[in-house]
Amino acid sequence: MTIRWTWFALAPLPLRMNAGLAGSATERRSLDRLRAWLRMPEGDVDRLGCLLAKATAELAWENEAVATRSLATYERLLDSCRQLVEQAQRAGHVDPAADAEALGGLIVTTHRGLEALAKAAVDTKTLHRIADAAIDNIALKVRV
């Protein structure tokens with residue numbers, strides 16, 4: 001049996017945080033990093049699936065080791081997204097009063113939904129519009 005890891009399972013790697021000062025380049029790019037994570041590259045649909053998603057859905061309820069590993073991985077994803085939201089808040093791109101933990105969870109949940117839609121052959125343009133809407137709706141509106 002071949003185990004395939006999709007970009008979702010490997011996603012925490014590019015989301016690793018760099019501690020930065022408020023207004024640093026890292027913080028100014030935080031929403032762009034979240035948007036890039038949500039936007040699936042053209043033609044990058046892996047219909048075989050994500051080992052993390054499938055193991056969680058099929059095995060976690062009956063296998064404690066799978067449940068523990070899945071939870072730890074999702075917590076890492078949630079924490080990475082929360083940190084990126086906090087960076088965006090410090091950079092003035094997201095309302096500082098917003099719940100960064102909840103918004104990080106929204107990003108992870110959106111990612112999982114986009115992955116499911118991609119597997120159902122929803123076109124990339126539609127997936128990108130959804131990803132953009134998710135980020136655009138947590139970002140502060142720029143006044144012209």
Side-chain angles (χ1 to χ4, degrees), residues 1-140:
M1 178 173 113
T2 302
I3 297 176
R4 295 191 49 160
W5 288 90
T6 66
W7 60 280
F8 174 77
L10 300 176
L13 298 176
L15 290 176
R16 294 314 310 154
M17 302 304 116
N18 296 322
L21 301 173
S24 72
T26 298
E27 290 182 344
R28 286 191 305 272
R29 290 190 316 263
S30 55
L31 283 182
D32 293 335
R33 292 170 72 195
L34 286 169
R35 184 184 309 272
W37 186 58
L38 289 178
R39 286 174 139 247
M40 183 173 296
E42 186 84 35
D44 192 30
V45 177
D46 178 1
R47 292 227 166 85
L48 293 178
C50 169
L51 180 60
L52 175 61
K54 287 187 175 196
T56 301
E58 301 294 330
L59 300 172
W61 69 275
E62 68 180 35
N63 184 310
E64 188 62 34
V66 171
T68 299
R69 180 65 59 96
S70 295
L71 178 59
T73 303
Y74 281 116
E75 285 176 342
R76 184 174 168 199
L77 283 168
L78 290 164
D79 187 57
S80 293
C81 288
R82 176 195 53 79
Q83 288 181 48
L84 283 168
V85 170
E86 288 173 345
Q87 288 178 2
Q89 287 173 314
R90 288 191 297 271
H93 298 300
V94 172
D95 181 353
D99 183 340
E101 187 173 355
L103 291 178
L106 178 65
I107 297 298
V108 172
T109 303
T110 301
H111 189 281
R112 294 291 299 123
L114 288 168
E115 183 182 63
L117 291 173
K119 288 180 188 321
V122 171
D123 65 280
T124 304
K125 183 178 177 180
T126 299
L127 297 174
H128 286 184
R129 283 183 34 242
I130 294 167
D132 290 342
I135 297 304
D136 292 347
N137 280 288
I138 68 167
L140 287 173

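Sequential numbering from 1 along the given sequence is applied to the chain's residues.
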Can you name the closest pair of heavy atoms from [X] and [Y] and give their distance?
{"X": "L140", "Y": "G92", "value": "CD1-O, 3.4 Å"}
{"X": "R112", "Y": "Y74", "value": "NE-OH, 3.5 Å"}
{"X": "T126", "Y": "D123", "value": "OG1-OD1, 2.9 Å"}
{"X": "G104", "Y": "V85", "value": "N-CG2, 4.1 Å"}
{"X": "L38", "Y": "L114", "value": "O-CD1, 3.6 Å"}
{"X": "A98", "Y": "V94", "value": "CB-CG1, 4.4 Å"}

Interatomic distance, [X] atom [atom1] to [Y] atom [atom2] [nearest 0.5 angstrom]:
{"X": "I135", "Y": "L31", "atom1": "CD1", "atom2": "CG", "value": "6.0 Å"}
{"X": "R33", "Y": "R28", "atom1": "CZ", "atom2": "CZ", "value": "13.0 Å"}
{"X": "T109", "Y": "L77", "atom1": "OG1", "atom2": "CG", "value": "10.5 Å"}

request  = Identify whether the distance between the nearest side-chain nitrogen and carboxylate oxygen of R82 and D79 falls below 4.0 Å.
outcome  =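 Yes.
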query = So I107 and L84, side-chain contact (heavy atoms from CB on, under 4.5 Å) or not? Walk me through it.
reply = CA-CA 10 Å; I107 297 298; L84 283 168; over 6 Å; no
message = I'd like to check D136 versus R35 (side-chain heavy atoms, cut-off strictly below 4.5 Å). Are they in contact?
response =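 Yes, close enough: below the 4.5 Å cut-off.
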query = Are any of the side-chain heavy atoms of I130 and L117 separated by less than 4.5 Å?
reply =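 In short, these two side chains touch, coming nearer than 4.5 Å.
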message = Going by side-chain hydrogen bond (donor to acceptor under 3.5 Å, both in side chains), E27 matches just one of Q89, H93, R90. Which one?
response =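 Option passing the side-chain hydrogen bond (donor to acceptor under 3.5 Å, both in side chains) with E27: R90.
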